[in-house]
Amino acid sequence: MKMNVVTLLKDRGLFEDMTSPDLPKVLESPCTVYAGFDPSSDSLQAGNYVTIMVLRHFQRCGHKVIALVGGATGMIGDPSGKDAERALLDEETVIRNTEGIRENLSRFLDFDHPTAPAKLVNNMDWLGAYGFITFLRDVGKHFRMGAMLGRESVQRRLAGDSGMSYTEFSYQMLQAYDFLELRNREECIIQVGGSDQWGNITAGIELIRRLNGKQAYGLTVPLICDNQGQKFGKSEGNAMFLDASKTSQYDFYQFFLRSEDADVIRFLKVFTEVPLDDIEALAEEHGSHPERRVAHKRLAEEMTRAVHGEAGLSMAQAATGVLFGESMQGLKAEQLLGIFADVPSCELTHDDVSGQNILDVALRSGLCKSKGDARRLIQNGGLYLNNDRVSGVEQSVSDSDIIDGCLLVLKSGKRNYRLVRIS
RNA sequence: GGUGGGGUACUCAAGCGGCCAACGAGGGCAGACUGUAAAUCUGCUUGCUUUUGCAUACGGAGGUUCGAAUCCUUCCCCCACCA
C-alpha cells in the first residue's frame, strides 16, 4: 500500500500546514492537486524546485497533478511575501517567461504517466478574456472587504510605508478564481504552495465553497531558507536557474557541493528523492567525517542529475575533478575543451589576447566587468591565468600562455572559471 | 483636491551649501585560515586613468551660486491624515 503523501511530506520537511485536518484522509484516494508558478523570470530557480518536488511526490503517490503557469497573474504580480510593489512586466516579457517556465516544468513532471499524467495549464486561457465588469459581477461579488483587508499580505503592506496599489490588492481574487476554475474543469480539489501562499489558497477555498458549495483543501510547504535565514538560492542576484543557459551545469553542481554543513541534510530531504534511510546513513558519515563531504557530493550529484541529466552531471563532475585537482599542466587543449564544456566561455581573436595586458584580456573575456574590477581582483591576488596566480597588473599575455595556440583559462578566485577560445 | 512627510549607490540607511564618489550596516567579490563548509581576520565594492585627476551619479527637468545630494521653481512617484 502506498504511503500517504502528507506523511511523506512531513517526513521530508516539506510540510508546513494544511487547511483541514481531514486532508490526509481525503488523500487516501487519488485526487487532483495543483500548484502555481509565477512567470516573473524566464526560468525557474532552485527555490521553485521545492514546489516541483512536492508535485512529484504527489504524483508518485498516485495523484494527478497540474502545474499552473501564471501567464495572466504574472501581469499583475503577487504581493504575498513582498514588502514593496513590484514593477509591472510588459506583456511580451510575460509571454516569453511563460514559455520558458513551461519548458522547465515539462522536464520534471511526468506528462505521460499511464494512470495519472501531469498537466500544464496557463491561467491566461481563462483570465485573459474575462471582462472586467463580468468578473466583478461573477467573482468580485463573493469577496468581502473585511476578509480581503484582513489578509496578512495586505496588512503587512498597509502597515509598512510602501502601501499597496489596487492592482496588487486584486491579485488574491485572481488566484482564488484560478482555483475555482480548476475545481470546475479538472476536479482539482487541492492547492499546494509556499507558506506565503496561505492567504491566496484559502481565498480560493472560500470562493469555491460560496459559489459551488464544494469542499477544497490547501497544503503549504515551508519556505526553504539556508541556516542564515536567507531565502534559498537567491543570495543577491546569484539565483540558481534550472536552465543550463542561465546557470551552467558546472555552476549548478558547485552551488550544491558548497552548501553549508548545517543545511546539507535538510536539503537532501527537501530537494531530492533519496530515500530517508540513505539520508540517515549520509548524515552519520558526515557527522564523523565532515571533511569527506559525502552528503554534499550526493546532494550536488542528485540535483545536477535531476535538472541537467546524466550527461550534464558527468560534465560537471569532470570539470570539478580537474579544476579542483592538480594543475592543468600537460593537458591538451582538446582535453580541456571537453572538461570545460559547460564552463562559461567566450571567443576572442589572437590579436585580442596576444601581447595584451592581462587587464584587457580579463575584461574582454567577460570575467571582469570593468578594468577597475580586474585591477582590484589582481591586486587582491584573485586572478589566475591557466591556474597560475597573476602577479601584478602589468602582466601581459604572451603566445606561450596560449595552450596549443587556441586556449586560455582564466579564473577568478577558487572556482569561477572562464574559458577563452582563440580564433 | 488640501495639508504634512518622503524619493540617496545591490538593499537598508546617514548626510541637509564646499572637507561627498557620498558615514554606517547588510549583501556581494577577493585574500588568509580550512574540508571547494562554517566562524574569524584583511582588502575591495560607478567607469576611465592612475593614485593625482577626469567623467558620470544622490526621482526627472530647469534655476540660484565661484561651488549643490544639500537652497529655489516645476514635474513625476510613494506614504499618512483630511476632503
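The shown structure was predicted, so the numbers you read here are calculated from the model rather than taken from an experiment. Each chain gets a letter, A, B and so on, in the order the sequences are listed, and its residues count up from 1.
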Participant: Please encode protein proximity along nucleotides 41-49 of chain B as a string of B, S and -, counting only heavy-atom distances under 4.0 Å.
Facilitator: --BSS-SSB

Participant: Who passes salt bridge (Lys or Arg N to Asp or Glu O under 4.0 Å) against A/Arg376, sequence neighbours left out?
Facilitator: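 For A/Arg376 the salt bridge (Lys or Arg N to Asp or Glu O under 4.0 Å) partners, ignoring immediate neighbours, are A/Asp373.
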
Participant: Not counting sequence neighbours, which residues clear side-chain hydrogen bond (donor to acceptor under 3.5 Å, both in side chains) with A/Arg418? List them please.
Facilitator: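 Listed in chain order: nothing, the list is empty.
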
Participant: With sequence neighbours excluded, tell me which residues meet side-chain hydrogen bond (donor to acceptor under 3.5 Å, both in side chains) with A/Trp126.
Facilitator: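 Here the qualifying residues are A/Asp178.
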
Participant: One thing to verify: whether A/Glu99 and A/Arg102 come together as a salt bridge, which I'm taking to mean a side-chain N less than 4.0 angstrom from a carboxylate O.
Facilitator: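 Answer for the salt bridge query: yes.
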
Participant: What would the secondary structure line of RNA chain B be in dot-bracket form, counting Watson-Crick and G-U wobble pairs under 3.5 Å, with [ ] for pairs that cross earlier ones and | for pairs with another strand?
Facilitator: ((((((((.[[[..)..(.....]]]((((((.......))))))(((....)))...[[[[[..)....]]]]]))))))).

Participant: Determine which pairs satisfy salt bridge (charged side-chain N to carboxylate O under 4.0 Å, His left out) with at least one residue from residues 137-151 of chain A, sequence neighbours left out, and list them in order.
Facilitator: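 Residue pairs with at least one partner in residues 137-151 of chain A: there are none.
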
Participant: Return the set of residues passing salt bridge (Lys or Arg N to Asp or Glu O under 4.0 Å) with A/Asp251 (not counting sequence neighbours), or none when no residue passes.
Facilitator: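 For A/Asp251 there are no salt bridge (Lys or Arg N to Asp or Glu O under 4.0 Å) partners, ignoring immediate neighbours.
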
Participant: Name all residues meeting the salt bridge (Lys or Arg N to Asp or Glu O under 4.0 Å) criterion together with A/Lys119; count only those two or more places apart in sequence or in a different chain, and write none if there are none.
Facilitator: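 Expected list: A/Glu186.
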
Participant: Which residues pass the side-chain hydrogen bond (donor to acceptor under 3.5 Å, both in side chains) test with A/Ser391, sequence neighbours left out?
Facilitator: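 Listed in chain order: A/Gln395.
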
Participant: Could you go over nucleotides 79-83 of chain B and give all protein N or O partners under 3.5 Å, atom names and distances?
Facilitator:
unit_1: B/C79; atom_1: OP1; unit_2: A/Ser162; atom_2: O; d: 3.4

Participant: Work out how far the P atom of B/A21 is from that of B/C58, and round it to whole angstrom.
Facilitator: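 Pairwise P distance, B/A21 against B/C58, rounds to 14 Å.
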
Participant: Please report the distance separating the C1' of B/C29 from the corresponding atom of B/C78, rounded so that it comes out in whole Å.
Facilitator: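 One C1' to the other, the span is 33 Å.
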
Participant: Name all pairs fulfilling the salt bridge (charged side-chain N to carboxylate O under 4.0 Å, His left out) condition that reach into residues 43-59 of chain A, sequence neighbours left out, sorted by first residue then second.
Facilitator: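 Matches after skipping sequence neighbours: A/Arg56-A/Glu273.
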
Participant: State which residues pass salt bridge (Lys or Arg N to Asp or Glu O under 4.0 Å) with A/Glu91; sequence neighbours excluded, sorted by chain then number.
Facilitator: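 Applying salt bridge (Lys or Arg N to Asp or Glu O under 4.0 Å) to A/Glu91 gives none.
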
